[in-house]
Amino acid sequence: MATNLRRLLSASSTHGKKLPVSFSSCRNLCVCSTESITVTASPRDGLETSRGGNVEKGFLRWRNGGGTYHSSAVIDSSALVEFGAVVHEKAILGAEVHIGSNTVVGPSVKIGPSSKIGYNVSVGNCCIGESCVIHNGVCIGQDGFGFYVDDHGNMVKKPQALNVKIGSRVEIGANTCIDRGSWRDTVIGDDSKIDNLVQIGHNVVIGKSCLLCGQVGIAGSAEIGDYVVLGGRVAVRDHVSIVSKVRLAANSCVTKNITEPGDYGGFPAVPIHRWRRQIAEAQILSKRKP
């Protein structure tokens, strides 16, 4: 097949003949895994391709990995953009960045050196520091959940126009969602580690070296200090603050500000010794005869 195509192309260039219609509309005709022939579309389409990309719309094929990138994106030559990934306009990818298949890097997103983005990730309206790991299925930078009821009883969406800022050496587990800010940027501090299936609302600020276990939910505009540990399924209500060096037991719910470092648990969250006393008293009462 490859030989026949070469003869056909050679004959066309030598004798001034046009390619058959069946070939004139092909895009990046692949002969085998190590060889490809790019055939420009016919003028009636108004489209051109270069390495499998759409030149008219500004998208080209990245040579290292086969992904698609916009011509205005700034990508370091050492970056790997896997096949099926898309890097949109004015995005910036640093050295040794790895973008997995089917991941979408939105317009003007910045990703620092040595960061690794997994498969099926969506990142937009954000900047990511160096040496971060973003696991499969993560969504960063989508609109937060903000609505109000107007004078006519209609549900109206609040503008969500700001960004997400993720520090360096942050790891974010699979299928975690981090919303963009509305009145301030959503921030994840350096060296923080986030487990799978965590929800972080808009305007949340998380300090450095925090640890968030699976299914944690943090409502909008909460503020969390440094070295905070949230056990599995901890809930933090909106607009509360948690001081640095706090640990919360699994299934706890923070309903008001925590101003002293230490261990907390329960619903609502209280100092750990009070929570344990509450559990013991409840068990004693349940065992008493009526």
Side-chain angles (χ1 to χ4, degrees), residues 27-28 38 47-144 159-182 184-192 194 200 202-204 206:
R27 309 284 196 274
N28 191 27
T38 301
L47 299 175
E48 292 181 342
T49 59
S50 175
R51 300 180 187 174
N54 190 322
V55 174
E56 184 186 64
K57 295 183 179 180
F59 285 95
L60 304 170
R61 186 76 69 192
W62 183 246
R63 64 184 181 278
N64 187 12
T68 302
Y69 73 101
H70 194 269
S71 57
S72 65
V74 179
I75 305 177
D76 188 89
S77 59
S78 62
L80 174 65
V81 182
E82 292 186 1
F83 182 80
V86 180
V87 180
H88 282 268
E89 57 268 21
K90 298 182 180 178
I92 301 175
L93 274 58
E96 305 296 336
V97 167
H98 185 163
I99 306 296
S101 295
N102 297 324
T103 285
V104 177
V105 179
S108 302
V109 167
K110 298 178 182 179
I111 302 178
S114 302
S115 289
K116 182 176 180 181
I117 314 296
Y119 305 130
N120 299 303
V121 173
S122 173
V123 290
N125 309 300
C126 71
C127 62
I128 299 173
E130 63 181 38
S131 302
C132 293
V133 179
I134 313 297
H135 289 280
N136 304 339
V138 168
C139 292
I140 300 174
Q142 63 282 344
D143 283 356
Q160 311 287 315
L162 297 181
N163 301 308
V164 177
K165 294 182 178 179
I166 296 175
S168 297
R169 299 171 301 280
V170 172
E171 184 161 349
I172 300 175
N175 296 311
T176 284
C177 296
I178 304 176
D179 296 339
R180 68 191 299 196
S182 59
R184 69 179 177 189
D185 290 334
T186 303
V187 178
I188 311 296
D190 294 345
D191 299 296
S192 289
I194 300 173
I200 298 175
H202 56 186
N203 314 313
V204 168
I206 296 175

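Please read these numbers as outputs of a predicted model, since none were measured by experiment.
Considering OG1 of Thr176 and CD1 of Ile188, their distance stands at 10.0 Å, rounded to 0.5 Å. Cys126 contributes atom SG, which lies 13.5 Å from atom CG of Leu162 (distance to the nearest 0.5 angstrom). We find the CD1-CD1 distance between Ile178 and Ile206 to be 7.0 Å, quoted to the nearest 0.5 Å. Rounding to the nearest 0.5 Å places CD1 of Ile117 at 7.5 Å from SG of Cys132. For the atom pair His98 NE2 and Glu82 CD, the distance stands at 3.5 Å (nearest 0.5 Å). Between the CZ atom of Arg184 and the NZ atom of Lys165 there is a distance of 12.0 Å, given to the nearest 0.5 Å.
Residues Ser71 and Leu60 share a closest heavy-atom pair of CB-CD1, 4.4 Å. Closest approach of Ala73 to Val87, counting heavy atoms only: CB-CG1, 4.0 Å. Listed here is the closest heavy atom pair of His202 and Asp179: N-CB, 3.7 Å. Between Ser115 and Ile128 the shortest heavy-atom distance is OG-CG2, 4.3 Å.
The only option from Ile166, Asp76, Val97 that meets the side-chain contact (heavy atoms from CB on, under 4.5 Å) definition with Ile111 turns out to be Val97.
A donor-acceptor contact shorter than 3.5 Å links the side chain of Ser101 to the backbone of Phe83. Looking only at distances, a side-chain donor or acceptor of Arg180 sits under 3.5 Å from a matching main-chain atom of Ala161. With hydrogens and angles ignored, the 3.5 Å screen pairs no side-chain donor or acceptor of Ser131 with any backbone N or O of Arg169. Judged by distance alone, the side chain of Asn125 and the main-chain N or O of Asn163 form no donor-acceptor pair under 3.5 Å. With hydrogens and angles ignored, the 3.5 Å screen pairs no side-chain donor or acceptor of Ser122 with any backbone N or O of Val104. No donor-acceptor distance shorter than 3.5 angstrom exists from the side chain of Asn102 to the backbone of Asn120, with no hydrogens or angles considered. Using a distance-only test at 3.5 Å, with no hydrogens or angles considered, a donor-acceptor pair links the side chain of Trp62 to the main chain of Ala79. Side-chain N or O atoms of Ser108 include none that pairs as donor or acceptor with a backbone N or O of Ala91 at under 3.5 Å. Listed for the Thr103 side chain is a donor-acceptor partner under 3.5 Å among the backbone atoms of Val121. Under a 3.5 Å cut-off, the side chain of Asn136 and the backbone N or O of Gly118 do not form any donor-acceptor pair.
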Could you walk me through whether Ile172 and Ile140 pass the side chain to side chain contact (heavy atoms under 4.5 Å, CB included) test, one step at a time?
CA-CA 10 Å; Ile172 300 175; Ile140 300 174; 4.1 Å; yes

Would you sort out whether His70 and Lys90 count as a side chain to side chain contact (heavy atoms under 4.5 Å, CB included), showing the intermediate values?
CA-CA 8 Å; His70 194 269; Lys90 298 182 180 178; over 6 Å; no

Please lay out, stage by stage, how Gln160 and Gln142 fare under the test side chain to side chain contact (heavy atoms under 4.5 Å, CB included).
CA-CA 9 Å; Gln160 311 287 315; Gln142 63 282 344; over 6 Å; no

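Residues Glu96 and Ser114 meet the side-chain proximity criterion, which asks for heavy atoms closer than 4.5 Å. Side-chain contact between Val105 and Tyr69 is absent, with no heavy atoms from C-beta onward closer than 4.5 Å.
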